[in-house]
Novice: 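Quick one: structure below, then a few questions.
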Amino acid sequence: MSLRIGVLGAARIAPAALIKPASSNPSVSVDAVAARSPERAQAFATRHGIPRVHSSYEALLADPDLDAVYNPLPNGLHGRWTRAALEAGKHVLCEKPFTANAAEAREIADLAAASDRVVMEAFHYRYHPLALRVEEIVASGELGTLQRVETALCFPLPKFSDIRYDYGLAGGATMDAGCYAVHMARVFGGETPSVVSASAKLRSPRVDRAMTAELAYPSGHTGRIECSMWSSSLLKISAKVIGSRGSLAVLNPVAPQAYHRLSVRASGARRTERFPRRASYAYQLDAFAAAVLKGEPVKTPAADAVETMTVIDEIYRAAGLPLREPS
């Protein structure tokens with residue numbers, strides 16, 4: 001049995017996130033693509049060895065020979081086409097952020113729950129052994145009672161015409177980079193926090209190029225997220241968890257296949273742990289295929305996305321910015 005996937009859009013992320021890991025996964029094949037431009041779709045298919053090109057997203061969703069779709073469209077289109085895929089009876093692997101806002105995420109999560117389809121948000125880092133180990137250490141009590149969680153994802157994107165700066169496509173640093181920082185804060189903090197305060201640096205009146213937010217967790221610990229697509233923090237990808245008996249720090253928890261370091265200080269000792277260089281996208285595709293073909297649970301279902309989008313909405317409100325809206 002194999003999982004046959006179609007790609008919605010000729011997105012730059014698709015080769016790394018899906019096509020390359022599928023080439024080494026015998027349970028998965030990428031069988032079709034559709035894009036706004038048929039010529040672009042054909043060029044993408046030729047470049048990546050995809051056998052079928054559809055003239056539209058609707059035509060791809062109607063393809064009876066596809067089991068699932070990968071949705072890497074712009075943020076503001078995620079909800080619309082995940083909804084359409086569910087209505088067409090397809091399983092969905094949807095890029096982060098799951099939707100434009102929490103209300104839309106709840107709508108899609110309800111549709112997913114009422115169906116027998118797998119809907120999984122593509123937070124690939126979550127499936128890598130590094131993230132699983134951090135979660136394990138925190139849950140073990142080795143660090144003692146949690147006191148503080150700090151996560152960051154900052155990278156330079158000086159091309160201000162990029163769609164990630166487009167409010168009409170649900171853009172902004174908190175959506176693109178910040179969704180990782182928020183998700184890590186939730187996972188490594190052990191629960192979903194509330195937002196105490198937030199401060200944005202703006203690219204345009206409604207679009208943040210950088211954001212910081214202070215968090216409060218139900219169990220009493222605090223947190224902070226930092227994200228940017230253009231700020232003085234040009235490159236910062238990290239997570240830190242501080243407890244009453246120790247702490248851990250992670251360098252590059254998001255793409256550990258490139259480089260990473262997990263350092264743990266506890267019980268008067270310090271250690272460093274290393275993990276496989278296999279791509280986090282490969283682990284993610286393994287999980288998606290296992291969910292569809294074997295009924296195994298996933299760590300980033302639609303219900304989880306509602307929690308993340310709720311925090312993102314709270315950050316925008318606290319920063320005095322409007323929520324993102326579906327395109």
Novice: Can you tell me if Tyr316 and Asn101 form a side-chain donor-acceptor pair at under 3.5 Å?
Specialist: no
Novice: Shortest non-hydrogen contact from Val311 to Val195?
Specialist: O-CG2, 3.9 Å
Novice: Is the backbone of Val118 close enough, under 3.5 Å, to the side chain of His91 for a donor and an acceptor to pair up by distance?
Specialist: yes
Novice: Looking at CG of Leu262 and CZ of Arg271, how far apart are the two atoms once the value is rounded to the nearest 0.5 Å?
Specialist: 7.5 Å
Novice: Between His221 and Tyr217, what is the ring plane arrangement, given parallel below 30°, perpendicular above 60°, and tilted in between?
Specialist: parallel
Novice: Going from OG1 on Thr192 to NE2 on His183, what distance comes out if it is rounded to the nearest 0.5 angstrom?
Specialist: 9.0 Å
Novice: Determine, step by step, whether Thr174 and Cys227 satisfy the side chain to side chain contact (heavy atoms under 4.5 Å, CB included) criterion, reporting the C-alpha distance in whole Å, the side-chain angles of both residues, the deciding distance to 0.1 Å, and the verdict.
Specialist: CA-CA 7 Å; Thr174 308; Cys227 65; 4.1 Å; yes
Novice: Where do Ala45 and Val53 come nearest, in terms of heavy atoms and distance?
Specialist: CB-CG2, 3.4 Å
Novice: Work out which heavy atom in Ala282 is nearest to a heavy atom in Pro21; give both atom names and the distance.
Specialist: CA-CB, 3.8 Å
Novice: For Met229, is there any backbone N or O sitting under 3.5 Å from a side-chain donor or acceptor partner on Tyr165?
Specialist: yes
Novice: Just to verify, what does Ser263 make a side-chain hydrogen bond (donor to acceptor under 3.5 Å, both in side chains) with, not counting sequence neighbours?
Specialist: Arg270
Novice: Apart from Ile163 itself, what residues make up its hydrophobic cluster when side-chain heavy atoms of I, L, V, M, F, W and Y under 4.5 Å apart count as a link, directly or indirectly?
Specialist: Leu169
Novice: Check Glu135 with Arg126, please: is the shortest side-chain N to carboxylate O separation under 4.0 Å?
Specialist: yes
Novice: Do Val7 and Leu60 share a hydrophobic cluster (ILVMFWY, side-chain heavy atoms under 4.5 Å, transitive)?
Specialist: no
Novice: Distance check, rounded to the nearest 0.5 Å: Leu321 atom CG versus Tyr167 atom OH?
Specialist: 9.0 Å
Novice: Is Glu107 paired with Arg83 through a side-chain N to carboxylate O contact shorter than 4.0 Å?
Specialist: yes
Novice: Phe288 and side chain to side chain contact (heavy atoms under 4.5 Å, CB included): which single residue from Leu293, Thr300, Leu93 fits?
Specialist: Leu93
Novice: Show the nearest heavy-atom pair for residues Glu314 and Ser194, with the distance to one decimal.
Specialist: OE1-CA, 3.6 Å
Novice: Using atom types as modelled and distance alone, determine if a side-chain donor or acceptor of Ser228 lies under 3.5 Å from a backbone N or O of Ala210.
Specialist: no
Novice: Strictly distance-based, threshold 3.5 Å: is any side-chain N or O of Ser37 a donor or acceptor partner for the main-chain N or O of Arg40?
Specialist: yes
Novice: Taking 4.0 angstrom as the limit, do Glu150 and Arg148 come out as a salt bridge?
Specialist: yes
Novice: Determine yes or no for a side-chain-to-main-chain donor-acceptor pair under 3.5 angstrom, with Tyr281 supplying the side chain and Ile19 the backbone.
Specialist: no
Novice: Quick one: are Val207 and Leu202 in side-chain contact, heavy atoms under 4.5 Å?
Specialist: no
Novice: Do you reckon Val187 sits in the same ILVMFWY cluster as Val134, going by side-chain contacts under 4.5 Å, direct or chained?
Specialist: yes
Novice: Under a 3.5 Å threshold, yes or no: a donor from one side chain and an acceptor from the other, between Gln42 and Thr46?
Specialist: yes
Novice: Within a strict 4.5 Å, meaning less than it, do heavy atoms of the Glu307 and Thr310 side chains meet?
Specialist: no
Novice: Between the side chains of Glu95 and Tyr70, does any donor sit under 3.5 Å from an acceptor?
Specialist: yes
Novice: Tell me if a side-chain donor or acceptor on Arg209 pairs with a main-chain N or O of Ala173 at a distance below 3.5 Å.
Specialist: no
Novice: With a 4.0 Å cut-off, would you call Asp162 and Arg12 a salt bridge?
Specialist: yes
Novice: Identify whether the distance between the nearest side-chain nitrogen and carboxylate oxygen of Glu142 and Arg245 falls below 4.0 Å.
Specialist: no
Novice: To the nearest 0.5 Å, tell me how far Leu251 CG sits from Ile237 CD1.
Specialist: 8.0 Å
Novice: Report yes if some heavy atom in the side chain of Ile50 is under 4.5 Å from a heavy atom in the side chain of Asp31; otherwise report no.
Specialist: no
Novice: Would you say that Met120 contacts Pro301 through its side chain, given a criterion of any heavy-atom pair below 4.5 Å between the two side chains?
Specialist: no
Novice: Step through the shown structure and confirm whether more than 12 heavy atoms of other residues, nucleotides or ligands are within 6.0 Å of CZ on Arg265.
Specialist: no
Novice: Quiz question: by atom type and distance under 3.5 Å, do the side chains of Gln147 and Ser244 form a donor-acceptor pair?
Specialist: no
Novice: For residues His78 and Pro97, report the shortest heavy-atom separation together with the two atoms involved.
Specialist: ND1-O, 2.6 Å
Novice: Give a yes or no on whether the backbone of His124 and the side-chain of Gln284 come within a donor-acceptor separation of less than 3.5 Å.
Specialist: yes
Novice: Go through Asp63 and Arg52 one step at a time and tell me if the side chain to side chain contact (heavy atoms under 4.5 Å, CB included) criterion holds.
Specialist: CA-CA 10 Å; Asp63 186 339; Arg52 296 198 302 283; 2.8 Å; yes
Novice: Please determine whether a side-chain nitrogen of the Lys or Arg among Asp313 and Arg324 lies less than 4.0 Å from a carboxylate oxygen of the Asp or Glu.
Specialist: no
Novice: May I ask you to decide if the ring planes of Tyr283 and His128 are parallel, tilted or perpendicular, using 30° and 60° as cut-offs?
Specialist: perpendicular
Novice: So that I can tick it off, tell me whether Glu273 and Arg133 are bridged by a salt bridge, with the cut-off set at under 4.0 angstrom between side-chain N and carboxylate O.
Specialist: yes
Novice: List for me each residue that meets side-chain hydrogen bond (donor to acceptor under 3.5 Å, both in side chains) alongside Asp67, sequence neighbours excluded, and say none if there are none.
Specialist: Arg4
Novice: CG/Leu111 to CZ/Arg106 distance, rounded to the nearest 0.5 angstrom?
Specialist: 14.0 Å
Novice: Using modelled atom types only, decide if a donor and an acceptor are shared between the side chain of Glu121 and the backbone of Phe98 within a distance under 3.5 Å.
Specialist: yes
Novice: Check whether any side-chain heavy atom of Val241 sits under 4.5 Å from a side-chain heavy atom of Val250, and report yes or no.
Specialist: no
Novice: For the pair Lys96 (side chain) and Asp176 (backbone), establish whether a donor and an acceptor sit closer than 3.5 Å, ignoring hydrogens and angles.
Specialist: yes
Novice: Is it true that Glu214 and Arg224 make a salt bridge, defined as a side-chain N closer than 4.0 Å to a carboxylate O?
Specialist: yes
Novice: Apply side chain to side chain contact (heavy atoms under 4.5 Å, CB included) to Trp230 and Phe160, showing your working.
Specialist: CA-CA 9 Å; Trp230 188 246; Phe160 299 123; 3.7 Å; yes
Novice: Salt bridge or not for Asp286 and Arg278, using N-O below 4.0 Å?
Specialist: yes
Novice: Could you tell me whether the side chain of Asn75 and the main chain of Gly171 form a donor-acceptor pair under 3.5 Å?
Specialist: no
